[in-house]
Amino acid sequence: MLNDGGSGTGVGQYARTLISALQVAGIRPLVLEDGGPSQHRSRSAKILRAARPWSRIAVANDRGFYARDVFREAQVFFNMHKRPMSIVVPGRPGIMHWSYPLPLRLKGWRNLYTVHDVMPLDPAIPSPVNGPRLRGILDALRNAGSSFVTVSDTARSQIVAKMGWSADMVTTCHQAADVAGVQLDLLPYSLARSDYLLYVGAVEARKNLLGLLDAYHASGIATPLVISGPDGLDAATIDARIKMTPGAIRLGLQPRDRVIQLISGARALILVSLAEGFGLPVVEAMALGTPVLSADGPALAEVGGGATLLVDPLDKAALRNGLIAINSDPVLRDRLSKLGTNRAKYFALEPYAQRLIKLYGIA
């Protein structure tokens with residue numbers, strides 16, 4: 001069973017791809033859904049405060065199970081008791097694969113939590129996530145007998161180091177990119193195929209967009225730089241720089257199909273983040289045959305697997321030269337496209353499904 005990943009661009013897509021991979025393997029996953037705010041929030045808060053032990057009871061629905069307001073109540077419960085809240089579901093126990101480390105656990109089930117990264121534990125990396133709280137939740141889940149999976153060997157090493165856990169506490173399974181079913185010959189906003197460079201992701205400081213914009217301006221490139229994604233930390237500062245940079249175009253959060261269309265039509269995808277746990281747009285670009293220029297950080301280098309053009313994101317000259325190279329050299333782009341298409345096979349749904357089956361121990 002899985003929890004509903006919500007609509008977020010990262011965790012939500014992870015959950016959707018996880019469901020698709022299991023279906024490819026002939027497994028019908030059940031989903032735990034949260035129906036939104038309860039009509040009796042003040043009453044539920046009193047119960048949460050008073051009851052020890054306390055657990056919620058989920059009811060069955062067409063997709064799996066349903067418990068209203070359970071994700072919020074779990075956070076309140078953790079605030080009060082510093083341990084995960086239990087949920088009781090009908091039927092035979094199985095494996096609960098949480099798409100994010102929520103302070104929740106299914107009673108009597110094997111609880112497996114996805115930790116995408118522990119960047120919030122590093123004060124040098126800007127993050128909207130409360131680092132000390134995340135650490136407390138992860139330790140509470142570990143103390144409750146949970147197991148953990150992550151999306152890259154880089155993230156696994158960082159989790160083990162930052163949490164002080166033994167290496168066998170966390171397993172790497174990577175993740176998949178599902179780009180099927182999208183009409184790729186459509187491009188939004190009158191963009192011309194192979195006539196723009198593209199960044200996809202949150203507009204925030206960690207993504208090094210100020211450095212990218214400076215390098216783009218210094219390069220003298222005439223090809224537009226399209227920046228697509230929702231506001232993140234320091235978005236206002238980045239937006240101001242975009243407006244001051246000729247050729248830079250800002251798009252807001254786009255629907256999933258439109259993101260795939262944008263990546264497919266780009267001359268190259270640019271992702272020069274200061275830190276990543278995985279870097280899903282890189283995999284999506286490779287799967288679509290779009291060349292990639294990425295930062296040489298360990299996670300992005302791992303995911304790229306030698307099929308991307310790597311640059312030091314803090315070296316202004318290297319970043320500028322990388323942009324010039326991938327923009328102006330069709331031979332380089334063709335080579336990266338071929339390498340990327342081959343590398344992306346590892347991240348397809350079927351190989352991912354086999355990794356999940358091994359992870360669950362049901363092979």
Side-chain angles (χ1 to χ4, degrees), residues 1-23 27-35 55-58 61 63-78 81-89 91 93-121 129-130 133-152 155-156 159 163 165 169-176 277-278 280 352-353 355-362:
M1 185 159 72
L2 312 166
N3 63 300
D4 184 354
S7 60
T9 56
V11 176
Q13 183 57 33
Y14 174 86
R16 288 187 289 272
T17 306
L18 187 56
I19 290 170
S20 296
L22 293 174
Q23 291 171 338
I27 299 171
R28 177 183 174 268
L30 303 175
V31 178
L32 174 66
E33 297 181 315
D34 183 328
S55 62
R56 283 290 303 275
I57 298 176
N61 65 11
R63 295 189 66 204
F65 301 97
Y66 170 90
R68 181 177 289 278
D69 211 21
V70 68
F71 296 160
R72 183 198 65 86
E73 286 189 357
Q75 300 290 350
V76 176
F77 184 89
F78 181 78
H81 305 298
K82 304 305 177 188
R83 57 186 172 87
M85 188 175 79
S86 294
I87 306 176
V88 177
V89 298
I95 300 169
M96 177 62 188
H97 188 156
W98 299 92
S99 61
Y100 189 81
L102 296 167
L104 276 167
R105 62 190 314 274
L106 260 59
K107 194 171 183 178
W109 287 52
R110 176 188 168 193
N111 287 270
L112 173 66
Y113 295 85
T114 303
V115 185
H116 297 268
D117 60 73
V118 285
M119 286 183 281
L121 304 188
V129 177
N130 183 314
R133 180 181 178 82
L134 175 61
R135 180 185 294 278
I137 289 174
L138 290 174
D139 275 333
L141 295 174
R142 181 201 59 180
N143 294 339
S146 307
S147 52
F148 301 90
V149 63
T150 192
V151 293
S152 67
R156 177 176 177 266
I159 293 164
M163 294 301 299
W165 292 352
M169 286 288 302
V170 187
T171 302
T172 300
C173 194
H174 291 104
Q175 65 182 91
F278 184 72
L280 182 60
Y352 182 44
R355 296 197 295 274
L356 289 169
I357 289 171
K358 182 178 179 182
L359 173 70
Y360 298 155
I362 58 176

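Because the structure is predicted, anything quoted here is derived from the model rather than measured.
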I need the minimum non-hydrogen distance between L280 and A176, along with the two atoms involved. CD1-O, 3.7 Å

Has the side chain of R28 got a donor or acceptor atom that lies under 3.5 Å from a matching backbone atom of Q23? no

Once side-chain hydrogen bond (donor to acceptor under 3.5 Å, both in side chains) is applied, do any residues pair with N130, and if so which ones, sequence neighbours excluded? none

Given side chain to side chain contact (heavy atoms under 4.5 Å, CB included), test R68 with Y66 step by step and report yes or no. CA-CA 7 Å; R68 181 177 289 278; Y66 170 90; 3.0 Å; yes

Can you check whether P101 reaches L141 side chain to side chain, under 4.5 Å on heavy atoms? yes

When you compare the side chain of C173 with that of L356, does any pair of heavy atoms fall below 4.5 Å? yes

Flag the pair L30 / R63 as yes when at least one side-chain heavy-atom distance between them is below 4.5 Å, and no otherwise. no

Any side-chain heavy-atom pair from H116 and V11 closer than 4.5 angstrom? yes

Should V70 and M85 count as side-chain neighbours, where that means a heavy-atom distance under 4.5 Å? yes

Against the six-membered ring of Y360, is K358 placed for a cation-pi contact (under 6.0 Å from the centre, within 45° of the normal)? no

Taking atom CG of L104 and atom CZ of F78, what is their separation to the nearest 0.5 Å? 11.5 Å

Expected output: side-chain N61 to main-chain G64 donor-acceptor under 3.5 Å: yes

Could you tell me whether a side-chain N or O of S146 sits under 3.5 Å from a main-chain N or O of R142, the two making a donor and an acceptor? no

Could you check, using the six-membered ring where one of them is a Trp, whether H174 and Y352 have ring centers closer than 6.0 angstrom? no

If you define the side chain from C-beta out and look only at heavy atoms, does anything of M163 sit under 4.5 Å from L138? yes

Roughly how far, to the nearest 0.5 Å, is CG of L359 from OG of S147? 7.5 Å

Within-4.5 Å side-chain heavy-atom neighbours: T150 and I159: yes

Working for side chain to side chain contact (heavy atoms under 4.5 Å, CB included), residues H97 and T114: CA-CA 7 Å; H97 188 156; T114 303; 2.9 Å; yes

Sorted by chain and residue number, the side-chain hydrogen bond (donor to acceptor under 3.5 Å, both in side chains) partners of N143 (sequence neighbours excluded) come out as none

Testing the basics here: between A140 and K82, what is the closest heavy-atom pair and its distance to 0.1 Å? CB-O, 3.9 Å

Could you label the plane-to-plane angle of the W165 and F148 rings as parallel, tilted or perpendicular, counting under 30° as parallel and over 60° as perpendicular? tilted

To the nearest 0.5 Å, what is the distance between CG (L22) and CD1 (I357)? 7.5 Å

If I take atom CG from residue L106 and atom CZ from residue R56, how far apart are they, to the nearest 0.5 angstrom? 12.5 Å

Please tell me whether R16 and Y14 have a donor and an acceptor in their side chains that are separated by less than 3.5 angstrom. no

Look up atom CZ in R156 and atom CE in M169, then write down how far apart they are to the nearest 0.5 Å. 11.0 Å

Taking D117 for its side chain and A155 for its backbone only, find out whether a donor-acceptor pair lies under 3.5 Å. no

Minimal non-hydrogen separation, P93 against G108, with atom names: CB-O, 3.3 Å

Report yes if the side chains of V115 and V149 come closer than 4.5 Å at any heavy-atom pair, otherwise no. no

Which value, rounded to the nearest 0.5 Å, describes the distance between S99 atom OG and I19 atom CD1? 9.0 Å

Residues two or more places apart in sequence or in another chain: which of them pass side-chain hydrogen bond (donor to acceptor under 3.5 Å, both in side chains) with R133? Q75, N79

Set out, in order, the CA-CA distance, both residues' side-chain angles and the distance that settles side chain to side chain contact (heavy atoms under 4.5 Å, CB included) for F65 and I87, then state yes or no. CA-CA 11 Å; F65 301 97; I87 306 176; over 6 Å; no

I'd like to know whether M96 forms a side chain to side chain contact (heavy atoms under 4.5 Å, CB included) with L32, so could you lay out the CA-CA distance, the side-chain angles of the two residues, the decisive distance to 0.1 Å, and finally the verdict. CA-CA 9 Å; M96 177 62 188; L32 174 66; 4.3 Å; yes

